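This report concerns only the one structure given below.
Order of the sequence lines sets the chain letters (A, B, ...), proteins ahead of strands, with each chain counted from 1. For clarity, every value in this text was computed on a predicted model and none was experimentally measured.
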Amino acid sequence: MSAKGFLKPKDDDFIPWTEDKLDVDAQKDTTFVYNSTPSLGLAAQRQKLPIFKTRDHILYMLEQFQVVIIVGETGSGKSTQIPQYLVEAGWCQEEGQMIGITEPRRVAATTLAARVAEEKHCPMGELVGYSIRFDEWFDRAKTKIKYMTEGILVREMMGDPLLKLYSVIMLDEVHERTAQIDIIMGLMKKILRKRRDLRVIISSATVDAEYIRDFFNANRTKDVSKDTAAIMSISGSNFSVEVFYLNEPCPNYVQSAVETVLKLHEREPPGDVLVFLTGMDEVDHCVTLLKERTSNKHSKHGLKIWPLPMYGSLPPQDQLKVFRPSLRGYRKIVVATNIAETSITIEGIVYVIDSGFVKLKWYNADTNVDALIVTEISQASAEQRAGRAGRTRPGQCYRLCREDDFQKLPLNTPPEMQRTDLSTAVLQLKALGIDNVVRFEFPSAPPSKNLMASLELLYALGAIDDNGLLTKPLGENMSELPIHPTLSKMLFSSTKFKCSREIAAIIAMLQIENIFIKPPGGQAGNRARVMKRKFEVAEGDHLTLLNVFNTYLKQKQWDIKLWCQQHFLKYKGLKRAEQLFEQLVRTLKRYDVPIQYSSDMDEIRRCIVSGLFPNAAYYHMSGSYRTIRGDIPLSVHPTSVLYTLKQPSWVVFTELAHSKKVHMKDITVIDPTWLEILAPHYYQKTTLQRSH
DNA sequence: GAGCACTGC
């Protein structure tokens with residue numbers, strides 16, 4: 001059955017291996033006692049889920065252990081069922097106590113809450129509720145099951161350090177190891193020492209279960225009966241997936257993916273295909289190649305192929321196409337970025353082709369910013385991708401590498417904490433009472449170089465003092481805002497420049513990427529360029545964004561969607577910017593910062609420098625920019641308004657994007673004397689003169 | 001001449 005060029009691995013259906021391993025471990029830790037309480041009032045449908053037979057087991061484990069790590073595949077129903085079991089078993093009987101469940105994504109929090117509310121036949125926000133930014137639906141008196149995003153729980157910890165509102169916290173999808181979940185786990189370990197009654201359920205899908213158990217296990221003796229954390233596993237309802245490898249390493253995975261699609265298409269029975277590549281360019285290229293190679297060609301099953309791209313920046317109407325079932329006589333080939341690994345699920349996929357690569361954020365301590373780098377995926381990630389083939393029936397996964405090389409891949413993707421800019425996380429930890437972040441028990445310690453760089457930045461911004469303590473009020477106020485510290489500094493210094501309203505607007509706009517729609521080439525492309533030019537100002541991108549935002553607000557009376565369309569602006573993006581803007585204004589008011597309108601563009605630019613001064617660059621005689629500190633060569637990003645204008649001598653930027661070159665994004669033209677005045681502690685006059 | 005995916009009182 002296997003397509004040519006692929007070797008069948010030794011009896012290696014990928015699903016059972018984690019499970020077997022973990023089951024053995026769980027058995028070692030404890031003797032299971034099943035109590036036989038009859039489960040009353042449960043819908044028959046719920047009882048059919050694979051998790052149901054382990055219901056009593058889970059409840060038993062929770063009585064024995066403070067922390068229970070549950071390893072289960074998607075489709076086991078753990079995210080919807082466990083909270084209900086807990087309520088049924090009386091874990092929320094105490095007045096006002098709840099079960100809290102964290103999710104890494106907003107959609108997960110809302111859709112899970114909706115499903116559980118439906119199963120419980122209750123209106124949303126009563127017994128079952130959710131809380132995500134800008135949208136919450138729960139009742140302090142009635143809600144017993146609350147789904148939320150991870151960030152929300154971190155915020156709640158700032159006001160309720162022992163999480164007294166909760167009797168059980170369930171952390172879902174912990175294997176994704178977001179920065180927020182690592183903060184939560186580190187703090188949770190401290191909370192558990194103080195609150196013996198609190199229980200934590202950790203749901204994870206991969207091999208890091210043992211690592212997490214050891215992290216939480218408070219038992220330092222050899223006597224396993226004293227363990228406080230244990231693992232149990234739940235089988236899912238996924239079908240088996242047969243895995244194939246290449247005989248020879250492949251030099252070009254896009255090309256190899258195309259060939260694999262074509263071979264598979266000719267030989268294998270009907271069923272849709274999902275191809276994993278790393279970025280938009282590769283996806284578009286692959287789709288083009290597939291279309292070229294297969295015009296009018298039918299497979300032996302009489303099928304034609306229907307290639308579709310899928311990535312985050314694709315217009316929503318095009319994204320929706322991948323969810324449509326294949327037309328009769330067609331085999332759907334979805335060519336996607338990592339978006340299809342966890343964020344979206346496409347039904348009907350039977351074949352997965354995995355390039356083995358992904359673009360990941362990596363912090364660069366030299367430039368002080370995150371860069372996107374094409375990286376080999378981990379084995380765990382590869383399993384997750386393969387699993388996408390087994391959702392409706394047994395599937396196949398073709399890995400575009402040799403099996404030997406696959407075995408050499410890291411088991412897990414490094415947690416976000418070890419890869420990305422830590423300044424926001426460090427500021428949050430300080431606000432959560434962790435004065436010495438170097439000694440904080442991170443589930444996985446970040447590189448100390450990165451930690452030091454973030455402390456240095458926070459110090460330069462004035463958020464922490466000589467002792468590393470949060471300054472009052474600046475550092476404390478900054479930690480409350482869900483934005484990068486350079487931006488929150490900018491916001492709080494806006495009082496001095498009497499332009500808080502405009503700075504809030506600029507920051508809100510910076511949170512939305514690609515506010516300008518770029519139609520694919522031709523006449524529309526030209527019109528879009530003309531429209532964009534209407535908003536552009538020579539001072540740079542920040543003031544251009546302010547211009548767009550202000551003009552948008554003025555249009556409000558009229559048909560705003562049409563206006564956005566005519567000006568090639570994303571209506572949804574602007575709508576969200578407006579929401580963010582209002583939230584920032586509310587926060588400012590809470591701190592008694594007056595909301596001041598300003599039309600003094602120089603003052604606004606000075607205020608921008610007061611936060612972005614660490615990201616300053618000058619025009620070098622070599623014809624490109626250089627960072628003032630470190631002398632790293634930089635270019636203007638093609639989306640910047642400065643790209644087509646005469647290159648100014650001095651700029652500050654918000655972000656860097658690494659591709660072939662390092663590009664500055666969202667730039668403002670500055671006067672170098674502002675750096676001397678606004679950041680004398682950071683730049684010495686001599687450095688600036690040398691650069692000039 | 002260029003954009004993995006998320007998130008946040």
Side-chain angles (χ1 to χ4, degrees), chain A residues 102-109 131-136 148-159 173 176-184 276-284 310-314 336-344 355 357-362 370-375 377 381 384 413 416 419-420 424-425 427-428 431 477 479-484 487-488 507-508 511-518 521 525 529 576 579-580 582-591 635-640 642-644 655-666:
Chain A
T102 66
E103 296 294 332
R105 281 168 291 282
R106 296 160 57 94
V107 269
S131 177
I132 61 177
R133 192 185 189 189
F134 298 129
D135 186 12
E136 52 177 34
M148 65 197 118
T149 38
E150 291 160 353
I152 294 283
L153 188 66
V154 174
R155 299 280 148 192
E156 287 190 8
M157 283 169 151
M158 289 185 185
E173 314 275 6
E176 292 187 25
R177 296 297 297 275
T178 61
Q180 300 288 0
I181 208 71
D182 275 22
I183 290 178
I184 291 173
F276 284 100
L277 298 174
T278 73
M280 182 186 81
D281 280 350
E282 283 174 12
V283 167
D284 286 342
M310 178 72 204
Y311 43 80
S313 56
L314 203 65
T337 61
N338 214 34
I339 194 169
E341 188 177 306
T342 47
S343 304
I344 59 154
S355 66
F357 288 91
V358 67
K359 268 188 198 168
L360 280 184
K361 248 187 201 171
W362 286 92
D370 291 329
L372 276 175
I373 308 285
V374 175
T375 316
I377 61 169
S381 183
Q384 175 74 24
T413 310
E416 202 184 337
R419 303 181 344 241
T420 61
T424 311
L427 197 57
Q428 267 181 343
N477 292 354
S479 73
E480 296 268 335
L481 285 167
I483 50 179
H484 193 271
L487 300 181
S488 54
I507 293 173
Q511 311 303 306
I512 323 292
E513 72 253 71
N514 305 329
I515 202 80
F516 298 101
I517 295 169
K518 194 203 151 220
R529 230 165 293 137
R576 184 164 166 81
Q579 230 179 0
L580 290 158
E582 280 161 6
Q583 188 188 33
L584 290 174
V585 167
R586 274 199 303 276
T587 314
L588 287 174
K589 283 183 180 157
R590 201 147 39 92
Y591 296 123
S635 315
V636 175
H637 195 276
T639 54
S640 168
L642 296 179
Y643 189 78
T644 47
E655 215 184 316
L656 290 183
H658 293 230
S659 54
K660 281 175 199 159
K661 289 179 180 173
V662 185
H663 290 284
M664 301 180 278
K665 291 176 87 175
D666 296 316

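Among the nucleotides B:dG1, B:dC6, B:dG8, the one closest to the side chain of A:Ile132 is B:dG8. In the set B:dG8, B:dG1, B:dA5, B:dA5 carries the atom at the smallest distance from any side-chain atom of A:Thr337. Of the candidate nucleotides B:dG8, B:dA5, B:dA2, B:dA5 has the atom lying nearest to any side-chain atom of A:Ile339. Nearest to the side-chain atoms of A:Pro482 among the listed nucleotides B:dC6, B:dG8, B:dG3 stands B:dG8.
Within the nucleic acid shown, A:Arg133 comes within 4.0 Å of at least one base atom, counting heavy atoms only. At the heavy-atom level, A:Asn338 lies nowhere under 4.0 Å from the strands shown. Within 4.0 Å (heavy atoms only), A:Thr424 reaches at least one base atom of the nucleic acid. Residue contacts shown for A:Leu360 are absent, as no nucleic acid heavy atom lies under 4.0 Å away. Using a 4.0 Å heavy-atom distance criterion, A:Lys361 is classed as a base contact. Backbone-only engagement by A:Tyr311 is indicated by non-hydrogen atom pairs under 4.0 Å involving sugar-phosphate atoms exclusively. If you check every strand for non-hydrogen atoms under 4.0 Å, A:Glu480 touches sugar and phosphate atoms only. Base contact: A:Ile483 has a heavy atom under 4.0 Å from a base atom. Using a 4.0 Å heavy-atom distance criterion, A:Glu150 is classed as making no nucleic acid contact.
A:Met148 places its CE atom 15 Å from the C1' atom of B:dC9, with the value rounded to the nearest Å. The interatomic distance linking A:Met280 (CE) with B:dA5 (P) rounds to 10 Å, in whole Å. We find that CD of A:Gln180 is positioned 15 Å from C1' of B:dA5, with the value rounded to whole Å. Taking atom CG of residue A:Asp666 and atom P of nucleotide B:dA2, one finds them 17 Å apart after rounding to whole Å. The distance from atom CG of A:Leu372 to atom P of B:dA2 is 14 Å, rounded to the nearest whole Å. One interatomic measurement links the two molecules: CD of A:Gln583 to P of B:dT7, which rounds to 14 Å at whole-angstrom precision. Nucleotide B:dA2 holds its P atom 7 Å from the OH atom of A:Tyr643, rounded to whole Å. As a whole-Å value, the separation of A:Ile517 CD1 from B:dG3 C1' is 15 Å.
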Discussion item. With side-chain hydrogen bond (donor to acceptor under 3.5 Å, both in side chains) as the criterion, how do A:Thr178 and A:Glu150 come out once you've worked through the C-alpha distance, each side chain's angles and the decisive distance to 0.1 Å?
Written reply: CA-CA 9 Å; A:Thr178 61; A:Glu150 291 160 353; 2.6 Å; yes
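Side-chain atoms of A:Thr342 and A:Gln384 include no donor-acceptor pair closer than 3.5 Å.
Take the nearest nucleotide of DNA chain B for A:Gln511 and for A:Thr278: the residue whose nucleotide is more 5' is A:Thr278. Each of A:Ser313 and A:Thr639 was assigned the nucleotide of DNA chain B with the nearest heavy atom; the assignment lying further toward the 5' end belongs to A:Thr639.
Residues forming a side chain to side chain donor-acceptor pair (under 3.5 Å) with A:His637 (at least two apart in sequence, or on another chain): A:Thr639. With sequence neighbours excluded, no residue forms a ring pair (Phe, Tyr, Trp, His ring centres under 6.0 Å) with A:Phe134.
Using a 4.0 Å cut-off, some side-chain N or O of A:Arg106 falls inside it from OP1 or OP2 of B:dG8. When the side-chain nitrogen and oxygen atoms of A:Arg155 are compared with OP1 and OP2 of B:dC9, one or more of them lie within a distance under 4.0 Å.
Considering only heavy atoms from C-beta on, A:Leu487 comes within 4.5 Å of A:Gln511 through its side chain.
For A:Gln579, the CD atom is densely surrounded, since the number of other residues' heavy atoms within 6.0 Å is greater than 12.
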